[in-house]
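Here is the structure we will look at.
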Amino acid sequence: KVEKMSFEEVSFDELENLQRELETAQASASSTKLSRRNCVQIVMKLQEMNLLELLYTLDGKEYLTPNQLKKEISDEIYVHHGRMTVINLEELLNVDLLHVEKKVTELVEEDDDLFLVQGELINTQALDNIAIEVNGLLHQSGKLEVLALGPRFGLPTDFLIPHIQSRVGTLIDGTLQHNGLEIVTKLFESRQEARVRGHIRALTKPSSVAAIKSKFGVKGKVVEKCMNDLLDSGKIKGVLRGKGDKASYIPTIYTQTQEEWIDSFYKKNGLFEFDKAASLGISNGESFLLDRFKDSIALSSCVISSTTLEAINAQMEDILAGADAEDFVDMMDLLPTACAEEDVPEVVKRSQYYQRQGADLQLVRGSIIVKRSFVEGCANLFKDEIADKAKNADLQDLRKYFEDESSSASISNSVSSFSTKKSGKKKGKGKKGKSDDDFEGVTSSSSNSKTGDSLSFATKKEMEERINTAFSTAEDIHGLSAAIVDTIYEPLQKQYKDALKSRLVIGNSSCRKEFRPKLENQFTMMVQGIQAFNNTAISLQNESTNNEENIKLSGNLTRNLLRTMCLDLTNLLLKLLALELAVDIDLDEDVTPTIRKDILSKASAEDKKKVMTLVDLTKGKLIDNFMEEMESFAEERLQLFVRPYDKKVARNALENQRAALTTTFAKLTNNSNIGEALLLSVSLLFVIKRKQCVHAQGKDLPQLIQLLKESMEGEDFATLSKAQDEVYELLTNKGEVDFNPSISVDDLRKLVGI
């Protein structure tokens with residue numbers, strides 16, 4: 001056992017003795033020596049007894065212990081300056097990669113300063129070297145992007161970033177910015193701030209923070225900091241509006257120059273346009289201009305000074321009320337070009353002259369002010385023509401026109417109570433089947449209806465030419481005569497129609513006796529029709545099939561009959577009562593509530609009571625009560641006798657119904673309403689196939705068509721059903737998708753043999 005001594009305690013002689021002893025020991029021969037084979041056997045025995053753990057080299061010539069492998073791995077890492085790949089260790093150490101990787105894992109777990117990254121070992125020494133190199137790069141360029149360092153040094157970015165960030169301020173002389181993703185030197189920061197400050201101090205027009213950042217490649221709040229420092233120190237004058245990148249710096253010199261130019265333009269022109277304000281960067285131009293110019297008034301496209309308005313209105317007054325007064329003036333000729341036509345009402349509203357003479361002035365076509373006396377003069381040009389034309393009108397033609405007009409309305413109401421009745425009803429939601437109500441929304445139109453032009457005393461073009469001839473100055477303003485015609489046409493047209501009606505009434509008064517037979521004949525036909533329709537409704541209740549549906553259909557037909565034909569019959573009785581009482585009414589017109597009131601005002605209390613009873617019964621559900629009251633009133637008061645319903649009456653009603661429906665159907669064109677044509681077809685088929693008269697609405701079509709099934713050929717019934725489906729599709733579509741029915745009016749016409 002050798003005692004440990006310090007170097008100071010050992011003398012030079014002692015060292016020489018120790019050296020000689022070492023040489024002697026090395027030169028002496030071994031007393032016992034093992035062969036190579038014995039050594040191998042001993043090692044293998046120790047391994048079998050688990051007393052020794054050894055690893056073989058790749059060539060199998062050497063052993064080494066696991067600890068020795070770990071030591072050699074550590075030595076290699078040190079030799080390679082703290083960074084090397086695991087694969088290279090296999091070649092350098094001549095040990096299988098599996099053993100190397102196992103020991104590398106143990107080393108990484110034991111040493112916190114050693115990292116295994118993508119098959120590469122790296123320790124803090126290598127990371128420090130990288131940081132030193134980064135510091136050199138940083139001082140060369142002034143700033144570095146941390147994200148760019150990973151590819152440069154061949155390391156994953158997510159691994160390298162935290163190690164680089166932790167060495168900033170120690171091995172790396174710089175500052176982290178932008179959430180640690182950029183490193184800059186203090187010199188770079190100072191130089192960057194100096195450039196930004198210089199740019200800001202040189203600004204003479206508004207500039208956004210984002211634009212300055214983009215120009216100099218600056219990030220963060222450098223620009224805002226420089227601006228605030230300069231503003232606080234008074235080195236620049238201006239306003240910083242907004243926050244973040246959306247903030248903008250507006251120099252005072254720009255604001256002053258802008259306001260001086262706006263003031264000059266407003267003073268010179270008497271107005272300022274909103275578009276010009278927007279081009280100057282003023283976002284809310286109207287509020288800005290109204291606040292700046294207190295005497296201004298906002299129009300649609302500009303603000304205009306009250307002085308300019310007064311001048312414009314003075315010109316208007318001079319034209320309309322001056323020495324050489326005109327009858328009209330186009331205000332667009334007086335307004336500045338910046339103003340629009342919609343500004344005219346606002347301008348003239350502020351004119352004292354217009355306020356004083358408002359009752360005598362009229363604004364037409366949006367911008368033309370016309371004296372009402374001139375408009376009335378234009379209207380008077382046509383009064384004599386209206387009177388002469390009405391006076392010379394042929395009574396027979398007038399009567400035919402008003403009869404056709406009344407007939408058209410009657411057909412629309414009785415044959416198709418489609419769209420007008422359903423427009424106010426709410427449809428049920430979520431129904432997928434075809435409900436009866438779905439067939440009541442188709443709009444009917446009669447090909448025999450007259451247009452307003454057939455009663456026109458003159459066309460608008462003729463009226464314009466007449467006005468231009470009578471007042472040559474009207475041609476000076478484009479569209480003036482057309483605007484005046486639009487103003488006076490409807491009132492004159494109404495006068496003309498009233499004159500024609502008066503002419504017809506006067507003509508009728510001389511031949512009032514002719515109306516009694518005519519009305520009596522209408523009474524007879526209407527009563528027979530009601531009897532036939534009611535008989536059909538009653539017979540449906542006795543049908544053996546679908547009795548519940550038939551009872552419901554019968555009720556619908558009865559209610560419809562009461563509200564249409566029975567009400568018409570009541571109005572016919574009122575006309576006959578008017579003849580008895582000599583009440584001056586137009587017997588060719590429909591009886592309105594006003595006309596009914598006029599007739600009943602001259603009737604006795606008993607007559608009034610009976611008529612109102614009939615009106616009330618038309619709103620009920622029982623037609624027998626109505627017929628009983630109607631027969632009583634007709635016989636006792638008007639000497640009209642109702643023939644009992646028999647086979648002859650039924651035959652006459654059937655023929656009349658067929659003739660009326662055929663005539664109406666014949667007037668339809670192929671472009672007519674398919675819903676109206678379908679209802680006419682079903683009504684005619686009831687007459688032809690079932691020998692029954694039916695007075696139905698659109699909502700009753702599905703049940704009526706089903707009743708025709710047994711009496712029709714399969715192909716004909718298929719056509720009818722197809723038409724029903726397409727009418728339903730047309731209703732539910734509501735114009736959202738283009739839909740062209742495959743069944744035409746001509747197809748239905750062939751179906752009924754017309």
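Both backbone and side-chain heavy atoms feed into the values below; hydrogens, waters and symmetry mates do not.
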#### Entry: Euclidean distance, S481 OG relative to N468 CG, rounded to 0.5 Å
4.0 Å

### Message
Around atom NZ of K722, are there more than 12 heavy atoms from other residues, nucleotides or ligands closer than 6.0 Å?
### Response
no

### Query
Can you check whether F686 reaches L704 side chain to side chain, under 4.5 Å on heavy atoms?
yes

### Query
Any side-chain heavy atom of L622 within less than 4.5 Å of one from D624?
no

### Message
Could you go through R466 and E462, starting from their C-alpha distance and side-chain angles, then the distance that decides it, and tell me whether this counts as salt bridge (charged side-chain N to carboxylate O under 4.0 Å, His left out)?
### Response
CA-CA 6 Å; R466 182 81 175 273; E462 291 172 346; over 6 Å; no

### Query
Quick check: are there more than 12 heavy atoms from other residues, nucleotides or ligands sitting under 6.0 Å from CD of E606?
no

### Message
Donor-acceptor check, side chain of N656 to backbone of N652, threshold 3.5 angstrom: yes or no?
### Response
yes

#### Entry: Donor-acceptor pair, side chain of D343 and main chain of A340, under 3.5 angstrom
yes

### Task
Please step through side-chain contact (heavy atoms from CB on, under 4.5 Å) for the pair V682 and D700, ending with a clear verdict.
CA-CA 10 Å; V682 172; D700 300 321; over 6 Å; no

### Task
Please assess N571 against I595 for the test side-chain contact (heavy atoms from CB on, under 4.5 Å), listing each intermediate value before the final yes or no.
CA-CA 10 Å; N571 291 334; I595 294 175; over 6 Å; no

### Query
Are any of the side-chain heavy atoms of L707 and R690 separated by less than 4.5 Å?
yes

### Message
Less than 3.5 Å apart, any donor N or O on the side chain of S601 or D598 sitting next to an acceptor on the other?
### Response
no

### Query
Do other residues, nucleotides or ligands put more than 12 heavy atoms under 6.0 Å from the CZ atom of R596?
yes

### Message
Test your reading of the model: is there a side-chain donor-acceptor pair from N534 to the backbone of I530, 3.5 Å cut-off?
### Response
no

### Task
Please examine the side chains of T663 and K667, heavy atoms only from C-beta on, and report whether any two atoms are closer than 4.5 Å.
yes

### Task
State the CG-CZ distance between L562 and F533, to the nearest 0.5 angstrom.
13.0 Å

### Task
Using modelled atom types only, decide if a donor and an acceptor are shared between the side chain of N380 and the backbone of E376 within a distance under 3.5 Å.
yes

#### Entry: Short side-chain to backbone donor-acceptor contact, K575 and E589, under 3.5 Å
yes

### Message
With heavy-atom distances below 4.5 Å as the criterion, would you say the side chains of M630 and F523 are in contact?
### Response
yes

### Query
With side chains defined as the heavy atoms from C-beta onward, is the minimum distance between L557 and H695 less than 4.5 Å?
no

### Task
Provide the full list of salt bridge (Lys or Arg N to Asp or Glu O under 4.0 Å) pairs with a residue in residues 625-654, sequence neighbours left out, each pair given once.
D607-R637, K610-E636, R643-D646

### Task
Please check if atom CE in M712 has more than 12 non-hydrogen atoms from other residues, nucleotides or ligands closer than 6.0 Å.
yes

### Query
Any side-chain heavy-atom pair from F626 and L569 closer than 4.5 angstrom?
yes

#### Entry: side-chain contact (heavy atoms from CB on, under 4.5 Å) evaluation trace for I538 with S554
CA-CA 7 Å; I538 293 172; S554 175; 5.9 Å; no

### Task
Evaluate side-chain contact (heavy atoms from CB on, under 4.5 Å) for V375 paired with I488, printing each intermediate quantity in order.
CA-CA 8 Å; V375 177; I488 65 176; 3.6 Å; yes

### Query
Less than 4.5 Å apart, any side-chain heavy atom of V344 and any of I368?
no

### Over 12 non-hydrogen atoms of neighbours within 6.0 angstrom of CD in Q639
yes

### Task
Verify salt bridge (charged side-chain N to carboxylate O under 4.0 Å, His left out) between K689 and E710, making sure each step is shown before the conclusion.
CA-CA 10 Å; K689 302 294 184 181; E710 295 181 0; over 6 Å; no

### Task
Go through the steps to decide whether S744 and D747 satisfy the test side chain to side chain donor-acceptor pair (under 3.5 Å), and finish with yes or no.
CA-CA 5 Å; S744 65; D747 294 331; 3.2 Å; yes

